[in-house]
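First comes the structure, then the notes that go with it.
Only a predicted model underlies this, so the values are computations on that prediction, with no experimental measurement involved. Note that these values count all heavy atoms, side chains included, but never hydrogens, waters or copies made by symmetry.
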Amino acid sequence: MNFGVLGSGIIGLTTALELQKHYPNAQVSIIADNFNEDTTSYVAAGIFRPSTSFMGPTVDITQKWITDAFNYWDEIRRSKEAPLAGVCQLSGYIFSSISPKITRNHFIEKLLPIYRQATEEELKLCHGDWKYGSFFTTCLTESRLFLPYATKKFLEAGGKVVRQHVHSFSDLNEKFDVVVNCTGLGARELCNDQQLVPIRGQVFKVRAPWIKTAFYGDYDTYIIPGFETVTLGGCRQFDSYNMNLCKYDSMAIKERCYEMLPSLKRAEVVRECVGLRPHRAIVRVEGEKIKRADGSILKVVHNYGHGGYGVTTAPGTSQHAVQIVRDMITSNSKL
């Protein structure tokens, strides 16, 4: 067997590792033009907290993706590999002064080890007129550590990395049994998928080792501690391709985060980052047979459109994508 994986972000890497797990004798190649710090995944805070708006083709499939993903991250967290992989346990609060529904999450309330209503005393932990809140314990995956860790595992298992920008499936010269498309926002051009749109995000990475707990507030405000830095955010600008830092977004993020936790004012800013989240109303994980320019048929499994929840859900959708790969191969062998 010979498999190609397009894209080297967290979706591509977890998919490639799943293929190696199920097909240990197969050749798996990752084909991409951006790696590690040049991927959108690298900017992500990496906390396991999928949005209630995250959606696959059905509610049951979406829940399975999320459940499988959490079990994947939690298994790494409990292993001796956890520090190398950049996976740890993290607790946090979701506060709102608008509605109690904002602090609830039907996908993870029964999945996480702890998810409960915040007490009146806890609502006073942060500055602000917080009326509603939840406390939860979850996993955090530091992409800065996980991406090189996963790449090393992939290469040690015999994987191959090819640096190439793929404009069209016809650009693939090698003969693959199946190609898995994990190109994120690149799928808009590659698949001519107009349902795929960027949601621009901007964050600060600051040095604040005294922050050990995550905090979410209204207006997409979040403070998420990582292994070395704390991520301060954020913004969600639909259909924006702007990769430049915006001083107005910077000011708004600082104002909201500093208001919640005034001690952050003395935190050293390490860097500011901008990323374009590849958003699709329904995340695309499905098989397709594509006719190429030379008339040949290429079996493709798509795995993209996760928006801001790629790190959260990557293992779940990757396991589903590999199941579709197996189904395509099995159906082919029966013909």
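- How far OG1 of T213 is from CG of L125: 8.5 Å, rounded to the nearest 0.5 Å.
- Side-chain contacts under 4.5 Å among hydrophobic residues (ILVMFWY), followed directly or transitively, place I199 together with V197, F238.
- Taking the salt bridge (charged side-chain N to carboxylate O under 4.0 Å, His left out) definition, one finds that E122 meets it with R116, sequence neighbours left out.
- For S134 (side chain) and T103 (main-chain N/O), a donor-acceptor pair under 3.5 Å exists by modelled atom type.
- In the hydrophobic cluster analysis, where Ile, Leu, Val, Met, Phe, Trp and Tyr join through side-chain heavy atoms closer than 4.5 angstrom, L112 is grouped together with V311.
- Looking only at atom types and distance, the side chain of T183 has a donor-acceptor partner in the side chain of N181 under 3.5 Å away.
- Side-chain atoms of L298 and L172, non-hydrogen and from C-beta on, do get closer than 4.5 Å to each other.
- Side-chain atoms of F70 and I108, non-hydrogen and from C-beta on, never get closer than 4.5 Å to each other.
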Full working for side-chain hydrogen bond (donor to acceptor under 3.5 Å, both in side chains) between Y72 and Q319: CA-CA 10 Å; Y72 179 97; Q319 288 170 21; over 6 Å; no

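- Across L90 and A214, no two heavy atoms sit closer than the pair CD2-CB, 4.0 Å.
- A donor-acceptor pair is defined here as one N or O able to donate and one able to accept, closer than 3.5 Å; such a pair exists between the side chain of Q202 and the backbone of C246.
- Hydrophobic clustering, with ILVMFWY side chains joined whenever heavy atoms are under 4.5 angstrom apart, keeps L147 apart from I31.
- The side-chain heavy atoms of T67 and F107, taken from C-beta on, include no pair separated by under 4.5 Å.
- Remark: K152 engages E156 in a salt bridge, criterion side-chain N to carboxylate O under 4.0 Å.
- Contacts of K205 classified as side chain to side chain donor-acceptor pair (under 3.5 Å), with partners at least two apart in sequence or in another chain: T231.
- Cluster annotation: I30 is connected to F3 through the hydrophobic network of ILVMFWY side chains, with a link wherever side-chain heavy atoms come within less than 4.5 Å.
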Test side-chain hydrogen bond (donor to acceptor under 3.5 Å, both in side chains) applied to E75 and N71, step by step: CA-CA 6 Å; E75 186 177 338; N71 291 336; over 6 Å; no

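- Residues passing the side-chain contact (heavy atoms from CB on, under 4.5 Å) test with A281, sequence neighbours excluded: none.
- Under the rule for a side chain to side chain donor-acceptor pair (under 3.5 Å), T62 has no partner lying at least two apart in sequence or in another chain.
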Verdict with reasoning, T137 to S91, per side-chain hydrogen bond (donor to acceptor under 3.5 Å, both in side chains): CA-CA 4 Å; T137 297; S91 292; 2.8 Å; yes

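- Put simply, the side chain of N2 never gets that close to the backbone of D177: no donor and acceptor are under 3.5 Å apart.
- Closest approach of I76 to S79, counting heavy atoms only: O-OG, 2.7 Å.
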Distance-only donor-acceptor pairs under 3.5 Å for side chains of residues 48-57, two or more places apart:
unit_1 : atom_1 : unit_2 : atom_2 : d
S51    : OG     : S53    : N      : 3.0
S51    : OG     : S53    : OG     : 2.8

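- Scored by the ring-ring contact (aromatic ring centres under 6.0 Å, His included) test, F135 finds Y93 as partners (sequence neighbours excluded).
- Using a 4.5 Å heavy-atom threshold, the side chains of Y23 and I329 count as touching.
- When the shell of 6.0 Å around NE2 of H127 is examined, it contains 12 or fewer heavy atoms from other residues, nucleotides or ligands.
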Step-by-step side chain to side chain contact (heavy atoms under 4.5 Å, CB included) determination, F136 to E109: CA-CA 8 Å; F136 64 101; E109 284 186 18; over 6 Å; no

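- No donor-acceptor pair closer than 3.5 Å links the side chain of R200 to the backbone N or O of C235.
- Closest heavy-atom contact between V274 and N244: CG2-O, 3.8 Å.
- R77 places no side-chain N or O within donor-acceptor distance of the main-chain N or O of Q89, the cut-off being under 3.5 Å.
- Residues that satisfy the side-chain contact (heavy atoms from CB on, under 4.5 Å) test with R163, not counting sequence neighbours, are F35.
- Using a cut-off of 4.0 Å between Lys/Arg side-chain N and Asp/Glu carboxylate O, D60 and K64 are scored as not salt-bridged.
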Q237 and D249: CA distance, side-chain angles, deciding distance, side-chain hydrogen bond (donor to acceptor under 3.5 Å, both in side chains) verdict: CA-CA 10 Å; Q237 294 158 358; D249 290 332; 3.0 Å; yes

Can I get a per-line list of side-chain donor-acceptor pairs under 3.5 Å for residues 13-20, giving both atom names and the distance, sequence neighbours left out?
unit_1 : atom_1 : unit_2 : atom_2 : d
T14    : OG1    : I10    : O      : 2.8
T14    : OG1    : I11    : O      : 3.2
T14    : OG1    : S318   : OG     : 2.8
T15    : OG1    : I11    : O      : 2.7
T15    : OG1    : N303   : ND2    : 3.2
T15    : OG1    : S318   : OG     : 2.9
Q20    : NE2    : F154   : O      : 3.0

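- Counting heavy atoms of neighbouring residues, nucleotides and ligands inside a 6.0 Å radius, atom CZ of R236 exceeds 12 of them.
- In this structure, the side chains of Q194 and R188 come closer than 4.5 Å at one or more pairs of heavy atoms.
- For the residue pair A321 and V301, the shortest heavy atom distance occurs at O-CG1, 3.7 Å.
- Residue pairs satisfying the ring-ring contact (aromatic ring centres under 6.0 Å, His included) criterion with at least one member in residues 296-324, sequence neighbours excluded, are listed as follows: W65-H320, H302-Y304.
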Show me, pair by pair, the donor-acceptor contacts under 3.5 angstrom made by side chains of residues 257-271, not counting sequence neighbours?
unit_1 : atom_1 : unit_2 : atom_2 : d
S263   : OG     : W210   : NE1    : 2.9
E268   : OE1    : R207   : NH1    : 3.4

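- Distance check: F169 CZ to D171 CG gives 10.0 Å after rounding to the nearest 0.5 Å.
- Hydrophobic clustering (side-chain heavy atoms under 4.5 Å, transitive across Ile, Leu, Val, Met, Phe, Trp, Tyr) keeps I66 apart from I282.
- Judged purely by atom type and a 3.5 angstrom limit, K212 uses its side chain to pair as donor or acceptor with the backbone of P209.
- A 4.5 Å side-chain heavy-atom check between I253 and V203 finds every atom pair outside the cut-off.
- Smallest separation of non-hydrogen atoms from Y115 and R104: OH-C, 3.7 Å.
- Residues V206 and L140 are members of separate hydrophobic clusters, defined by side-chain heavy-atom contacts under 4.5 angstrom among Ile, Leu, Val, Met, Phe, Trp and Tyr.
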L276 vs M243, side chain to side chain contact (heavy atoms under 4.5 Å, CB included): CA-CA, chis, key distance, verdict: CA-CA 8 Å; L276 302 181; M243 284 295 292; 3.4 Å; yes

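- Applying the side-chain contact (heavy atoms from CB on, under 4.5 Å) rule to I98 yields the partners S96, I102, D218, Y219; only residues at least two apart in sequence or on another chain are considered.
- From E288, atom CD reaches atom CD1 of I297 across 10.5 Å, with rounding to the nearest 0.5 Å.
- In summary, K160 and E174 engage in a salt bridge, as defined by a charged side-chain N under 4.0 Å from a carboxylate O.
- A pairwise comparison of heavy atoms in I324 and V285 identifies CD1-O, 3.7 Å as the closest pair.
- Between P315 and D68 the shortest side-chain heavy-atom distance does not fall below 4.5 Å.
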